[in-house]
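So you know, we letter chains A, B, ... as the sequences are listed, proteins then strands, and number each from 1. Keep in mind it's a predicted model, so treat the numbers as computed, not measured.
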Amino acid sequence: MTDKRIETPQAIRGTQDIFGAEAEAFAHVVETFERIRRLYRFRRVEMPVFEKTAVFSRSLGETTDVVSKEMYSFEDRGGESLTLRPEFTAGLTRAFLTNGWQQHAPLKLATHGPLFRYERPQKGRYRQFHQINAEIIGAAEPQADVELLVMADQLLRELGIADGVTLQLNTLGDGESRENWRRALVEYFGDHRAELSEDSQDRLERNPLRILDSKDRRDRAFVADAPQIDAFLSGEAQEFFAAVTEGLDAAGVAWERAGSLVRGLDYYRHTAFEFVTDRLGAQGTVLGGGRYDGLVEALGGPATPAVGWAAGIERLAMLVGERGEPSADVAVVPMGAAAEAAAAGIVADLRRAGLTVDMAFKGNMKKRMSRANDSGARHAVILGEEELAAGEATVKTLSTGDQARVPLTGLLPVLKG
RNA sequence: GCGAUCGUAGCUCAGUUGGUUAGAGCGCCGGUUUGUGGUACCGGAGGUCGGGGGUUCGAGACCCCUCGAUCGCCCCA
């Protein structure tokens, strides 16, 4: 006879099942973001996790790594090319246009959820990962950049991780400044082409700005003397950046100028920033974003300025560390069928009164008391035939072992006290 | 996509130059206590050594392939 084992399918590479203390940390990040987003009056949006492929290919730039090799794209049954979202901004912009949200501009939006990128997984880097995201669409003023940055700063502070994280800030100037700078960089690095790393020779074609933050020694020698963005900034772009930094200073947000900080995606202009840490190995960026005044037009809309940022929930959760699962206030321990029936009502009443209550469904008393202990409850409410007959319960304070009979009608004040 | 390290019970790991029935701690189940947890003691269950192929009298240990994780590069949150 053939002995066939049923193979349990494995989870997809780069996906994760998050549970327990890690899941609590994850939830804590999201809850903190939700709370702060309300303080700043950002409105909540929900969006589809997939879009027509063109939404991303047109807005991120065909030559970017994300579009050229990291998207999960597929044809649906109608032959349409669809893509699981690799980021939020493009879909958000599409939603802004297709729903006529121009009428609400300037519009402050917040969302969070899963994103998908076909990358080599590492710590803090997954194929399905999760971000929180904040955007302001339809505001050309530097105050919008400032508000987003102050919000990001407050989020990191309230998560208790701000002191290990620094804000690196740069400007890419307006479209013209950026283009002139880009041309100067191509010319400069082109003169040293043969001496650059292989990666940077490739970057020269695809994304010359990226050479600036290359880690390769061969490149660094030239980066030091490379043309600086500051030399190409128009007067207007300089004023814009000055307004942003003044706003940050006024709000007490610490920042560092990072002249070689650039963004990988094509749509960025003016402000570019990253909150970075050295505690996550190669994945240093915890929150990043900038201004993308060119994007709405790239998707066929009217010229519309916008700024935004996104942060990796897994990375923030790792910095936050594991969080204990909250303990119960009360554990109810019924013994016998009659007590179990009565306990259902008691448990419901206690929960309706706002207490967190646990009740084991099975096991002997010893087992249930052990579960009560594990739940971290202050009190165990023991309900057996004897108590039931008297209309009472035994309330045991688990830390001391003291116990006393309490009438069922008077349970709540005892348990709340 | 490239380079490197790793993969043994639910978890964290030990397994000497390849050599008989693969171990520990924690956790789990049961007992000492058939209505009392947290401490202690006793006992038990649980592993095709990631998967496949090969070398060998003999492989958890060696070789090849594959899957996965981790660390860099790349990229990015």
Side-chain angles (χ1 to χ4, degrees), chain A residues 3 5 7-16 19-20 29 60 63-70 86-89 112 114-134 152 165 197-200 202-203 206-207 210 213-216 261-265 273-277 280-290 308-319 331 333-336 339 360 363-377 379-388 394-403:
Chain A
D3 170 37
R5 289 168 25 102
E7 297 249 352
T8 303
Q10 291 185 311
I12 304 294
R13 178 171 205 195
T15 65
Q16 7 164 35
F19 171 73
V29 170
L60 305 186
T63 61
T64 58
D65 278 21
V66 171
V67 170
S68 61
K69 47 194 188 193
E70 294 176 1
E87 56 120 46
F88 280 117
T89 305
H112 63 82
L115 287 325
F116 305 85
R117 248 120 99 159
Y118 191 86
E119 292 185 277
R120 184 82 180 261
Q122 271 180 43
K123 195 178 196 71
R125 188 165 116 179
Y126 307 96
R127 287 184 173 182
Q128 177 179 333
F129 60 106
H130 302 80
Q131 287 186 345
I132 51 181
N133 182 266
V165 178
S197 67
E198 296 75 24
D199 280 334
S200 285
D202 187 43
R203 289 184 183 111
R206 289 179 16 253
N207 198 347
R210 278 275 151 200
D213 55 12
S214 168
K215 289 166 190 160
D216 195 295
L261 173 68
V262 297
R263 306 263 72 208
L265 308 178
F273 54 87
E274 286 180 7
F275 287 80
V276 298
T277 177
L280 293 177
Q283 274 62 244
T285 303
V286 133
L287 184 153
W309 55 251
I313 298 176
E314 288 87 349
R315 293 184 186 178
L316 291 172
M318 280 190 276
L319 290 174
V333 179
M335 295 307 301
N364 58 21
M365 181 150 191
K366 180 177 172 146
K367 185 74 201 164
R368 293 188 198 215
M369 284 304 292
S370 174
R371 288 240 186 276
N373 190 61
D374 292 344
S375 77
H379 302 289
V381 174
I382 300 162
L383 196 65
E385 284 173 28
E386 193 191 329
E387 286 93 342
L388 207 54
T394 298
V395 174
K396 178 166 187 171
T397 304
L398 290 168
S399 57
T400 61
D402 298 339
Q403 58 184 59

_In whole Å, I'd like the distance from the CZ atom of A/R127 to the P atom of B/C76._
17 Å
*Got a sec, which residues hit side-chain contact (heavy atoms from CB on, under 4.5 Å) with A/S399, two or more places apart in sequence or on another chain?*
A/T397
*For the pair made of CG in A/N207 and P in B/C74, what is the distance, rounded to whole Å?*
13 Å
*Scan every strand shown for a Watson-Crick or G-U wobble partner of B/U5, both distances under 3.5 Å, and answer none if you come up empty.*
B/A69
*Considering Watson-Crick and G-U wobble pairs with both distances under 3.5 Å, what does B/C62 pair with?*
B/G54
*Residues in side-chain contact (heavy atoms from CB on, under 4.5 Å) with A/S370, at least two apart?*
A/D374
*Report the base-pairing partner of B/G46 (Watson-Crick or G-U wobble, both distances below 3.5 angstrom), or none.*
none
_Atom-pair distance (CG on A/D65; C1' on B/C73), nearest Å_ = 12 Å
*Which nucleotide, B/U70, B/C73, B/A77, lies nearest any side-chain atom of A/R117?*
B/A77
*Give a yes/no answer on whether the side chain of A/R125 brings an N or O atom under 4.0 Å of OP1 or OP2 in B/U70.*
no
_Partner lookup for B/C41, please. Criteria are Watson-Crick or G-U wobble with both distances under 3.5 angstrom; report none if nothing qualifies._
B/G31
*asked:* Check the phosphate of B/C75 against A/R203, side-chain N and O only, distance under 4.0 Å to OP1 or OP2. Yes or no?
replied: yes
_Length of the line joining A/Y118:OH and B/G1:P, which is rounded to integer Å_ = 5 Å
*Looking at A/R210, does any N or O in its side chain come under 4.0 Å of the phosphate oxygens OP1/OP2 on B/C74?*
no
*What distance, rounded to whole Å, do you find between the two P atoms, one in B/G15 and one in B/A24?*
15 Å
*Provide the distance between the two C1' atoms, one in B/C13 and one in B/U17, to the nearest whole Å.*
23 Å
*Between B/C74 and B/A4, how far apart are the C1' atoms? Round to whole Å, please.*
15 Å
*Can you check the A/M318 CE to B/U70 P distance for me, whole Å?*
9 Å
*asked:* I'd like the P distance from B/U8 over to B/C62, given in whole Å.
replied: 14 Å
*Within 6.0 angstrom of A/R371 CZ, more than 12 heavy atoms from elsewhere*: no
*In Watson-Crick or G-U wobble terms, both distances under 3.5 Å, what is the partner of B/A14?*
none
*asked:* Apply side chain to side chain contact (heavy atoms under 4.5 Å, CB included) to residues A/V29 and A/E314 and explain how you reach the verdict.
replied: CA-CA 9 Å; A/V29 170; A/E314 288 87 349; over 6 Å; no
_I need the CD-P distance between A/Q122 and B/A69, as an integer number of Å._
11 Å
_Side chain of A/R120, heavy atoms from C-beta onward: which of B/C75, B/G1, B/A77 has the nearest atom to it?_
B/G1
*Give one of base, sugar-phosphate or nothing for A/G289, where a contact means two heavy atoms less than 4.0 Å apart.*
nothing
*Just checking A/A310: base, sugar-phosphate only, or nothing, at a heavy-atom cut-off of under 4.0 Å?*
sugar-phosphate
*asked:* Using the rule given for side-chain hydrogen bond (donor to acceptor under 3.5 Å, both in side chains), can you reason through A/T285 versus A/E274, listing the C-alpha separation, both sets of side-chain angles and the distance that settles it, and then say yes or no?
replied: CA-CA 6 Å; A/T285 303; A/E274 286 180 7; 3.0 Å; yes
_Distance, P atom - from B/C11 to B/U21, rounded to whole angstrom_ = 26 Å
_d(CD, A/E70; P, B/C2) in whole Å_ = 15 Å
*For nucleotides 31-47 of chain B, just jot down a letter per nucleotide in 5' to 3' order: B, S or -, based on protein non-hydrogen atoms under 4.0 Å.*
-B--BBBB---------
*Base, sugar-phosphate alone, or nothing: which one does A/G14 contact when heavy atoms must sit under 4.0 Å apart?*
sugar-phosphate
*Grab the CG-P distance between A/L319 and B/A77 for me, whole Å please.*
16 Å
*asked:* On the side chain of A/R206, is there an atom forming a donor-acceptor pair with the base of B/C75 - under 3.5 Å, no angle test?
replied: no
*asked:* Suppose you measure atom P in B/U70 against the same atom in B/C63; what distance do you get, rounded to whole Å?
replied: 24 Å
*Within the structure shown, what part of the strands sits under 4.0 Å from A/Y126 by heavy-atom distance: base, sugar-phosphate, or nothing?*
base
_Electrostatic pair A/R206-A/D65, nearest N-O below 4.0 angstrom_ = yes
*asked:* What's the gap between B/U48 and B/G52 when it is taken at their C1' atoms, as a whole Å value?
replied: 13 Å
*Is any side-chain N or O of A/R13 closer than 4.0 Å to OP1 or OP2 of B/C67?*
no
*Classify the nucleic acid contact of A/R368 as base, sugar-phosphate or nothing, counting any heavy atom under 4.0 Å across all strands shown.*
nothing
*Using the C1' atoms only, state how far B/U55 lies from B/A14, rounded to an integer number of Å.*
27 Å
